[in-house]
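Note: hydrogens, waters and symmetry copies are ignored here, and every other heavy atom, side chains too, is used.
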Amino acid sequence: MIAVLSILSLVVLIPFIWMLSASLKENNDVFSVPIQWIPTKFRWENYAEIWTTIPLVTFFKNTAFLSVTITLIQLLTSSFAAYGFSKMAFKGRDILFLAYIGTIAVPWQVYMIPQFIMMRQLGLTDSLLSLVLMQAFNAFGVFLLKQYYESIPDSLCESARIDGLTEWGIYRRIILPLTKPALASLTIITFVNTWNDYMGPFIYLTSTENKTIQLGLKMFVSLYDAEYALIMAASVISILPVGIIFLSMQKYFVEGIASSGVKG
């Protein structure tokens with residue numbers, strides 16, 4: 001079983017290994033046949049040249065701003081909503097929760113145009129703020145955290161209320177410390193989705209100084225479609241933050257998904 005999984009893992013990694021290998025080659029050697037997995041001459045200059053060919057620093061700053069800001073806001077809004085749906089009793093709670101979670105089934109393409117018109121009327125097109133506002137709330141995040149919160153005994157919250165702790169105090173001192181794995185899972189999911197988002201920035205961002213790394217890569221491919229090695233180098237650089245975030249929080253991610261009830 002371990003051997004099979006190892007082979008499958010290697011198959012999945014082959015495109016990434018080829019991308020890394022191609023990023024260290026000359027353009028003429030990228031598509032050589034047979035494939036040279038180890039370049040005959042390592043061209044490390046590709047990783048230095050890509051930063052001066054396009055405003056890659058600007059693209060990184062914009063993408064990092066969106067990814068970090070949206071992730072933090074979604075953690076805040078999703079955890080607040082999940083606490084209310086799981087630990088507070090109010091009229092119509094279950095119906096409201098089902099209606100909110102039901103929005104997950106609605107494709108973004110359905111409300112994409114009305115959303116754009118609304119942002120245009122507010123004067124927020126070609127602005128990073130438009131993407132932040134559109135992704136400030138996430139129904140999946142609420143569902144994920146609610147499933148985890150329900151594993152915490154209600155008696156714990158009731159005891160805290162009897163002792164005079166406010167709802168904010170229960171949320172901050174009891175719920176959040178006990179739900180680090182679920183928060184880590186949502187952090188990874190949100191950060192990766194935001195970092196890799198292409199359609200949202202493509203629709204709303206037009207000026208070069210506001211573009212994200214995904215739009216920057218597309219622009220670079222359009223301008224320098226024969227610079228294959230540089231394209232691969234830029235692609236490698238673009239996935240490094242995602243890999244670092246995932247590897248650093250992998251343990252909590254697996255634990256959070258396993259404990260939240262979201263199983264494959």
Side-chain angles (χ1 to χ4, degrees), residues 1-44 46-47 50 63 67 70-71 74-75 78 82 101 104-105 107-108 138-152 178-199 212-214 217-218 221 228-264:
M1 186 63 180
I2 296 179
V4 174
L5 292 177
S6 300
I7 294 174
L8 292 177
S9 300
L10 181 61
V11 171
V12 172
L13 290 174
I14 285 177
F16 297 97
I17 296 174
W18 181 85
M19 180 175 64
L20 179 60
S21 173
S23 68
L24 296 170
K25 296 178 180 179
E26 298 282 351
N27 288 321
N28 296 333
D29 298 332
V30 172
F31 295 107
S32 61
V33 179
I35 298 177
Q36 296 179 355
W37 293 102
I38 301 178
T40 55
K41 179 183 178 182
F42 288 88
R43 196 172 189 277
W44 299 102
N46 291 339
Y47 284 92
I50 189 62
T63 310
S67 300
I70 291 173
T71 298
Q74 283 198 16
L75 285 174
S78 297
I101 296 303
I104 298 177
W108 179 53
N138 184 1
F140 174 78
V142 176
F143 172 75
L144 177 70
L145 294 181
K146 179 180 181 295
Q147 296 298 102
Y148 198 94
Y149 287 1
E150 288 183 345
S151 66
I152 301 174
L178 293 176
T179 55
K180 289 181 180 179
L183 294 174
S185 301
L186 184 57
T187 298
I188 293 176
I189 294 171
T190 306
F191 186 91
V192 172
N193 287 341
T194 306
W195 187 276
N196 292 332
D197 185 22
Y198 176 79
M199 284 303 300
T212 61
I213 187 66
Q214 307 304 330
L217 289 176
K218 181 62 174 64
V221 172
Y228 306 117
L230 292 182
I231 292 173
M232 294 300 105
S235 300
V236 171
I237 293 174
S238 69
I239 66 174
L240 282 179
V242 174
I244 293 172
I245 290 293
F246 182 81
L247 292 176
S248 62
M249 307 181 73
Q250 180 183 8
K251 176 183 176 181
Y252 295 106
F253 175 75
V254 174
E255 183 180 348
I257 293 296
S259 304
S260 63
V262 183
K263 300 180 175 62

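Between Ile101 and Ala139, the closest heavy-atom pair is CD1-O, 3.4 Å. The shortest non-hydrogen separation linking Ser67 to Phe191 is CB-CE1, 3.5 Å. Taking all atoms of both residues into account, the shortest heavy-atom contact from Trp195 to Gln214 is O-NE2, 3.1 Å. Heavy atoms only, all atoms of each residue included: Asn27 and Ala229 are closest at OD1-N, 3.0 Å.
To the nearest 0.5 angstrom, Ser9 atom OG is 11.5 Å from Ile2 atom CD1. The structure places CD1 of Ile245 at 8.5 Å from OG1 of Thr187, a figure rounded to the nearest 0.5 Å. The CD1 atom of Ile17 lies 5.5 Å from the CG atom of Leu10; values are rounded to the nearest 0.5 Å. From Leu13, atom CG reaches atom CG of Leu20 across 11.5 Å, with rounding to the nearest 0.5 Å.
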Quiz prompt | Trace of the side-chain contact (heavy atoms from CB on, under 4.5 Å) decision for Val4 with Leu8 | solution = CA-CA 6 Å; Val4 174; Leu8 292 177; 4.1 Å; yes
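Counting heavy atoms from C-beta outward, Thr71 and Leu75 have side chains that approach closer than 4.5 Å. Side-chain contact between Thr179 and Ile152: present, with at least one pair of heavy atoms (C-beta onward) separated by less than 4.5 Å. Side-chain contact between Val192 and Phe246 is absent, with no heavy atoms from C-beta onward closer than 4.5 Å. Using a 4.5 Å cut-off on side-chain heavy atoms (C-beta onward), Ile239 and Met19 make contact.
Panel note: side chain Ser23, backbone Tyr47; no donor-acceptor pair is recorded below 3.5 Å. Using a distance-only test at 3.5 Å, with no hydrogens or angles considered, a donor-acceptor pair links the side chain of Ser238 to the main chain of Ser235. Counting only distance, with no hydrogens or angles, the side chain of Asn46 and the backbone of Leu230 share no donor-acceptor pair below 3.5 Å. Remark: side-chain polar atoms of Lys25 are paired, donor with acceptor, to backbone N or O of Gln36 under 3.5 angstrom. Side chain of Thr212 to backbone of Thr63: no donor-acceptor contact under 3.5 angstrom is found.
Taking the six-membered ring where the residue is Trp, Phe140 and Phe143 present tilted rings, their angle falling between 30° and 60°. The aromatic rings of Tyr228 and Phe31 stand perpendicular to each other, their planes meeting at an angle above 60°, with 30° marking the opposite boundary. The aromatic rings of Trp44 and Phe42 sit parallel to each other, their planes meeting at less than 30°, with 60° as the upper class boundary.
Only one option out of Leu186, Leu183, Leu144 pairs with Ser78 in a side chain to side chain contact (heavy atoms under 4.5 Å, CB included); it is Leu186.
For CD1 of Ile38, the number of neighbouring non-hydrogen atoms (other residues, nucleotides, ligands) closer than 6.0 Å is 12 at most. For Tyr198, the OH atom is densely surrounded, since the number of other residues' heavy atoms within 6.0 Å is greater than 12.
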